[in-house]
Engineer: 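Please find one structure pasted underneath; my questions will follow.
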Amino acid sequence: MTEAAERAPVRIAHLGVGAFHRAHQAWYTEVANRAGGERWGISAFTGRRPDAALALAAQDCRYDLVVRGAEGDTVEQIAAIVEAHDGGDATAWRDALRTVAVVTVTITEPAYHRDDEQRSADAVSLASGDLPESAMGRIVDGLRARHEAGGGPLAIVSCDNLDGNGELLRHEVLALAALVDPDLTAWIDDQVSFVSSMVDRITPAAVDALPIEATDDPCAVVTEPASAWVLAGEFPAGRPNWELAGAQLVDDVTPFEKRKLWLLNAGHTLLANLGILRGHTTVAEAMADPVCRHALEKLWDDAAAVLPFEQGEIDRQRDIVTQRFENARIRHALAQIAGDSDVKLRVRVIPVIEERLRGGKDAGAGELAAVAAWTTAVSAGLVAGPDLPDEDTAVAGLALLAPSLAADESVRALLRVAADALKGAPV
Ligand SMILES: NC(=O)c1ccc[n+]([C@@H]2O[C@H](COP(=O)([O-])OP(=O)(O)OC[C@H]3O[C@@H](n4cnc5c(N)ncnc54)[C@H](O)[C@@H]3O)[C@@H](O)[C@H]2O)c1
Ligand SMILES: O=P(O)(O)OC[C@@H](O)[C@@H](O)[C@H](O)[C@H](O)CO
């Protein structure tokens with residue numbers, strides 16, 4: 001068999017070929033392909049810069065996945081990505097979107113929260129036939145190419161850390177399409193299935209994992225042994241048998257998303273801001289600091305009170321996440337995790353506070369400490385963020401995240417206590 005014939009045919013397009021896609025969706029697809037039967041190849045597109053596509057293409061898109069446990073490494077070669085392209089390559093993108101059965105995306109959380117100005121700019125590009133720069137613009141452009149080519153239904157799977165990510169994606173795609181072409185909007189509404197998914201596998205930015213002793217592959221990705229993928233939605237044109245790698249197809253992904261976002265991701269956001277304030281650089285270092293550990297437990301206590309799971313299951317998850325965070329062989333940089341903290345707090349911490357208040361509880365000192373850690377780190381110039389006043393800084397920060405909460409005197413009082421406790425936090 002020739003080298004070309006060995007590769008799986010392209011049936012999936014991915015937007016945002018960062019470290020996580022290569023450790024997660026590409027690995028699930030690889031495991032499914034290895035089992036035999038129908039094989040699925042991925043045509044991968046970068047989001048912002050072409051670098052990752054150039055590097056992957058230069059080595060036939062094969063790369064080593066280094067699975068780094070607390071005790072040692074194992075290395076697997078991944079071949080599920082069969083093409084890699086600069087995301088700005090309109091021809092390749094439209095060609096892929098005309099034919100694939102599945103599109104997966106890792107486009108980061110801010111890509112889902114857009115204003116009218118961003119949508120209008122994309123609409124202008126789409127009207128002129130240019131490929132927009134934004135992820136939403138590119139998705140609408142690709143769907144238009146498929147519609148014009150008479151293509152059939154397909155599934156788009158969101159793999160970003162957001163509650164209801166498929167529905168959010170659907171909403172944004174339809175809002176943009178409506179500015180461009182009513183026929184296209186109706187076609188998308190009818191033919192495109194937006195799948196929500198909870199994705200999990202701690203995968204630091206490739207640059208933070210260097211040097212990787214286990215391999216000399218310049219495109220290697222380091223990840224942890226644990227992984228999860230829970231999906232809800234239809235796949236009208238089929239999909240790989242991702243269950244072979246442990247994926248779960250469920251009717252409602254919401255409880256799984258909440259559990260992961262409110263424990264693991266909210267915990268990461270807290271540890272990132274508080275850990276940086278206390279002079280740490282990685283998650284494992286922050287976990288070794290009793291002050292950070294205590295804050296994490298308080299945050300989890302607050303979330304546990306409103307999570308839709310039995311206490312025993314929540315405790316089990318907390319133990320698992322604790323062990324994963326303590327894996328010092330994974331150098332997960334707090335600076336990377338602290339990026340876009342405002343967006344992340346809005347979707348991981350604010351909903352917990354709101355849920356607690358709805359249930360007649362207080363706002364949660366542990367959750368508010370995550371807000372206070374962020375505002376303190378931002379005003380100290382240690383984390384990028386908005387300009388905040390010197391007086392009542394935490395309340396001003398909360399007003400940006402959730403104005404109605406900042407207007408509540410009982411919330412403000414608890415937040416001020418959390419902010420005062422952080423004074424002198426830097427080591
Ligand atoms: N790294 C993890 O541990 C992890 C785990 C679960 C989920 N995720 C999700 O995956 C996303 C990507 O993580 P990563 O570690 O691969 O990051 P990364 O920085 O390695 O790669 C991100 C990729 O997305 C592209 N991108 C970023 N913003 C974009 C935008 N607005 N539009 C289009 N493309 C964009 C980048 O160019 C890059 O190709 C995260 O934001 C998160 O939502 C990551
Ligand atoms: O990816 P982000 O930027 O949403 O959040 C940073 C980390 O919390 C995140 O990447 C986790 O490592 C991941 O969600 C684990 O599955």
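Every number for a ligand or one of its atoms is a count from 1 in the order of the listing. Values in this document were obtained by computation on a predicted structure and should not be read as measured data. Hydrogens, waters and symmetry mates are skipped; everything else that's a heavy atom, side chains included, is used.
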Engineer: Give a yes or no answer on whether the side chain of Glu257 reaches the backbone of Gly164 with a donor-acceptor pair at less than 3.5 Å.
Structural biologist: yes
Engineer: Show which side-chain atoms of residues 218-226 pair as donor or acceptor with protein atoms under 3.5 Å away, not counting sequence neighbours.
Structural biologist:
{"residue": "Thr223", "atom": "OG1", "partner": "Ile202", "partner atom": "O", "Å": "3.2"}
{"residue": "Thr223", "atom": "OG1", "partner": "Thr203", "partner atom": "OG1", "Å": "3.0"}
{"residue": "Glu224", "atom": "OE1", "partner": "Arg324", "partner atom": "NE", "Å": "3.0"}
{"residue": "Glu224", "atom": "OE2", "partner": "Ile202", "partner atom": "N", "Å": "2.7"}
{"residue": "Glu224", "atom": "OE2", "partner": "Arg324", "partner atom": "NE", "Å": "3.1"}
{"residue": "Glu224", "atom": "OE2", "partner": "Arg324", "partner atom": "NH2", "Å": "2.4"}

Engineer: State whether any protein heavy atom lies less than 4.0 Å from atom 8 (N) of ligand 1.
Structural biologist: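 Protein heavy atoms within 4.0 Å of atom 8 (N) of ligand 1 - there is at least one.
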Engineer: Could you tell me which atoms of ligand 2, counted from 1 in the order shown, lie closer than 4.0 angstrom to a heavy atom of His332?
Structural biologist: 12 (O)
Engineer: Going by the order shown, which atoms of ligand 1 are within less than 4.0 Å of some heavy atom of Val199?
Structural biologist: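 Listed by number with element, the hits are 6 (C), 7 (C).
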Engineer: Would you say Ala205 contacts ligand 1, with heavy atoms under 4.0 Å as the rule?
Structural biologist: no
Engineer: Work out whether the distance between some heavy atom of Met198 and some atom of ligand 2 is less than 4.0 Å.
Structural biologist: no
Engineer: May I ask you to identify the nearest protein heavy atom to atom 32 (N) of ligand 1, giving residue, atom name and distance to one decimal place in Å?
Structural biologist: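 Going atom by atom, the protein heavy atom closest to atom 32 (N) of ligand 1 ends up being Ala135 CB, 3.4 Å.
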Engineer: Would you check whether Pro110 reaches within less than 4.0 Å of ligand 1, judged by its heavy atoms?
Structural biologist: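 No, that is not the case, since the closest heavy atom of the residue is not under 4.0 Å from the ligand.
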Engineer: Is it true that Gln336 lies under 4.0 Å from ligand 2, counting heavy atoms only?
Structural biologist: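 Under 4.0 Å: no for Gln336.
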Engineer: Considering heavy atoms of the protein only, find what lies nearest to atom 9 (C) of ligand 2 and give residue, atom and distance to 0.1 Å.
Structural biologist: Asn265 ND2, 3.6 Å
Engineer: Considering Leu162, Ile107, Thr203, which one's heavy-atom position lies nearest to atom 1 (N) of ligand 1?
Structural biologist: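 Closest candidate by heavy-atom distance is Thr203.
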Engineer: In the complex you have, is atom 37 (O) of ligand 1 within reach of the protein, judged by whether a heavy-atom distance drops under 4.0 Å?
Structural biologist: yes
Engineer: Please state which protein non-hydrogen atom is closest to atom 3 (O) of ligand 2 and give its distance, to 0.1 Å?
Structural biologist: Lys344 NZ, 2.6 Å
Engineer: Hey, which atoms in ligand 2 end up nearer than 4.0 Å to a heavy atom of Glu109?
Structural biologist: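 Those atoms are 2 (P), 4 (O).
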Engineer: Taking both backbone and side-chain atoms of Arg324, is any N or O found less than 3.5 Å from an N or O belonging to ligand 2?
Structural biologist: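 No - when backbone and side-chain N and O of Arg324 are compared with those of ligand 2, no distance drops under 3.5 Å.
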Engineer: Please state which protein non-hydrogen atom is closest to atom 16 (O) of ligand 2 and give its distance, to 0.1 Å?
Structural biologist: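 Sorting protein heavy atoms by distance from atom 16 (O) of ligand 2 puts Asp200 OD1, 2.5 Å first.
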